[in-house]
Amino acid sequence: MKKDTILEIRNLTVDYNSDFGTVHALNSLTLSMSRGESLGFVGETGAGKTTTALEIMGLIPYPAGVTKSGEILFEGQDLLKMGKSKLRSIRGEKISMIFQDPMTSLNPVMTVGDQIAESFRIHEKTGRAEAAQKAVRILEMVGIPGERYGEYPHQFSGGMKQRVVIAVALSCNPTLLIADEPTTALDVTIQAQVLDLISTLKKERGTSLLLITHDLGVVAEACDSVAIMYAGSVVEYGTLDDIYNRTSHPYTKGLFGSIPDIESDVDRLKPIPGLMPDPRDLPSGCAFAPRCTLSADECTLPGLGLVEIETGHLVKCRKVRA
Amino acid sequence: MNALLEIKDLKKYFKTSRGLLHAVDGINFAIERGNTLGVVGESGCGKSTLGRLIVHLLEPTGGKIFFEGRDYTNLSHQALLESRREMQMIFQDPFSSLNPRMTVKDTILEPMSIHGMFGGDQSEQTRHVGNIMDAVGLAGNLANSYPHELDGGRRQRIGIARALALEPKFIVCDEPVSALDVSIQAQILNLMQDIQSERGLTYIFITHDLSVVKHISNDICVMYLGNMVEKCPAKEIFKTNYHPYTRALLSAIPIAKTGVKRERILLKGEISSPIEPKPGCRFAPRCIDAKRDCFETQPDLVEISPRHIVACHLYSNVRAIKK
C-alpha cells in the first residue's frame, strides 16, 4: 500500500442477479487512489463505473446486487465489513457523491437551502439557524446568490441544479468526492463553468476526486491520473501523461481513435469493431479479445492481471509488455 | 448555384402563456447537393425546431423553404406525402423513435408499402429491405428481431435504414449519435459518411457536439437563441472564427490531449429566455465584448471572407451582405 493511500479497492467482484441470468458487473476490480488526487474513471456504458461508485457508497441495490468478493479500504478501514450506522456516518461526511442527473437527484418538495442544511444537521448536529447560515455560505461558494435559499429545484436551470448538488456534496467537507458523470447532462459552456467550480473547490479544500465519465476530454482537463474500465475491470491505469501520450492497451487506443479531433482534419475515424460483450456471458480470458486486432490464442487463457509496464503505468493485456 | 435546399428567413414562434417563444427567428441558408451542413448550438437554440421545420414536422410561422428550386413551404396533404420520398429524418433517440411492436424488417418495410415502391411488389420490397440492412451493417438474421432485443448502436442503424428505405435525396439527422458510446458513435459516423458518398445524399447534421459536426460537415452553422450567429466552412472554424459565442463555445470543449494550453473564455450566466426576446443581439447579455449598440439593434450578417458569414456588431465595419 502506498503511503498516503486514501482509497484502495482489491479484487472487487459484484454480480447482479436478474431473471435473465447473472450479470457480472465488476470482475476483480483493483484500484487505488492517493490523498488529494483526482482520478478519472473512464469507460463506456456497462463498464461498471457507476456500480463501483455505488459499492463505495454502500448503495448497491438490494437484493439484486451481490458482492462476491473483495475489499474496499477507505483510510485503512474496509467499507464492506462496516456496520450500517458507521457507514452512514462516513457517507455524506467523509465520502460524498455527485450524481449524474441534477434533475432527479434533488428532492422536488424541499427548498434547495434546506437540502444543504440537512447534511449539517445530520452530520454535525448543528442547530436549525446555524445550519441555515452555513447553507447560505456554501450556496454562495458555488456561485448561487444566498437569497435563493428558499427556492425549489424546479425554479433552477440544469447548470444551477448541478451547483446545488455540488453544494450538498461538499457541505461537510468530505475527504473523498465521487462525481458520477457530473457534467454529462449539461451544455458545454455550462460544463466548463461546473468543471471550473469543481477544480477550484477541490484545490481549496484538498479533496480527493473520483471523476466518473465517458469523456476523455473532461478527464484531460480535470484529472491527474486515469483508470480505463472495460467489462467490469480496469484495463489500463496510469498518470494522465501515461494514458494520453503512451497509450498501451488496445481498447484505450481504440477509444482515442473513435473521438473526432477538433484541432486536426481526419477524414475517417478508426472505431473499435464489434460491440461490448454481454455481461452475463463474458469471454474467458481477456474480455476485449473478441474485438481486439492483436488477439491471439493466448488471450483466451484465464489468469490475466494488471502488469506494471513502467513505474505506475499498469496494463491488463498479454500483448503489451514492458 | 446548385442548391438542393434553400431556406429564406425561416421563422417558428410558439404560443406560450408568457408570450411568443421565438424558437427559430429568421434563418437563411442554402445547401449544395451532396454536401453536409452541420447545425450546432446548445439546448434551446432552436436547432431541432429548424430540422423539424425543414421536413415539415412543424409548420413555419414565416419564411420559405425551396427544395430543388420548388417552393416547399406550404404543401397540400398529397404533396406532403410525396415530399417524404425526397426528405427523411434520423432521430436522436434510438430507444424511443422505433415502434417497439414492429420487427426490424417491418420497420424498414413500412415506408415502402405506404409509398407503394416497386409498384407495390412485396417480394421486391422485401429484397430491398435486405439490401438496405446490408448497407447499414445489420446482419440479415436480425430481420425478425424487435428493437428491445438490440443495443443502441444497432437500433440507430435501424433508424438510418428506415430513413434510407425510400431512397431520399436529403436527410435531416437530429443528434443521431448523441445517445451512443464513443466507440459506437465512430462506427455510425463512418457509416453515415459511406452512405452519403455511395448515394450522393445531402445531410443537415444537427448536434451539440462541435467535434462531431466539424468531422462530418462541409459547412457549419452556429446557432444561438433562434439566430444564426456564424456560418463558415467546417475546416475553418477552429482556426478562424469571429463571433464571441463561437469562440466561447470552442474554448469550452474539453480536448482529449495533455498539455493543451488554451485561453478559456468562461461565459457568464446562462442562455436567456427565448420568450419575447429583447431587441438587440441575443448573445449580448453574456458577451464579454458587448457595447451599447449590441443591446439596441440586432446585428446583420456580414461576409468576412468567402463563405464565412457572421452576425456581430464587432464586425459592422465590414460591408453588410445583401439580404
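Proteins get letters first, then strands, A, B, ... in listed order; numbering begins at 1 in each. Treat the numbers as computed from the prediction; the structure is a model and nothing was measured.
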Can you tell me which of A:Gly158, A:Ser157, A:Gly159 forms the most heavy-atom pairs within a distance under 4.5 Å of chain B? A:Ser157

Chain A interface, residue from B:Leu250, B:Asp151, B:Asp181 that has the most non-hydrogen pairs under 4.5 Å: B:Asp181

Using non-hydrogen atoms and a 4.5 Å limit, figure out which bit of A:Phe256 sits close to chain B: side chain, backbone, both or neither. side chain

Chain B contact via A:Gln191 - which portion, at a heavy-atom distance below 4.5 Å: side chain

Find the distance between CG (A:Leu170) and CD1 (A:Ile98) and round it off to the nearest 0.5 Å. 6.0 Å

Ring-plane angle category for B:His148 and B:Tyr146, please: parallel below 30°, perpendicular beyond 60°, tilted otherwise. parallel

Is it the side chain or the backbone of B:Leu189 that comes within 4.5 Å of chain A heavy atoms, both, or neither? side chain

Which portion of A:Met276 sits near chain B, non-hydrogen atoms under 4.5 angstrom: neither

Check this for me: does any side-chain nitrogen of one of B:Arg307 and B:Glu236 sit under 4.0 Å from a carboxylate oxygen of the other? no

Assess, by modelled atom type and distance only, whether the side chains of B:Thr36 and B:Gln196 contain a donor and an acceptor separated by less than 3.5 Å. yes

Are A:Tyr244 and A:Val219 close enough that some pair of their side-chain heavy atoms sits under 4.5 Å apart? yes

For B:Phe205 and B:Val213, which heavy atoms make the closest approach, and how far apart are they? O-CG2, 4.0 Å

Portion of B:Gln193 that has a non-hydrogen atom of chain A nearer than 4.5 angstrom: side chain

Proximity breakdown for A:Ile259 and chain B, heavy-atom pairs closer than 4.5 Å: side chain

So for B:Ile255, is it side chain, backbone, both, or neither that comes closer than 4.5 Å to the heavy atoms of chain A? both

Side chain / backbone / both / neither for B:Lys257 at chain A, heavy atoms under 4.5 Å: both

Heavy-atom pairs under 4.5 Å with chain B - which of A:Thr189, A:Ile272, A:Leu216, A:Val188 has more of them than the others? A:Thr189

Atom group of A:Asp261 that falls short of 4.5 Å from chain B, counting heavy atoms: both

Does the Lys NZ or Arg CZ of A:Arg291 fall within the cation-pi geometry relative to A:Tyr251 - under 6.0 Å from the ring centre and within 45° of the axis? no

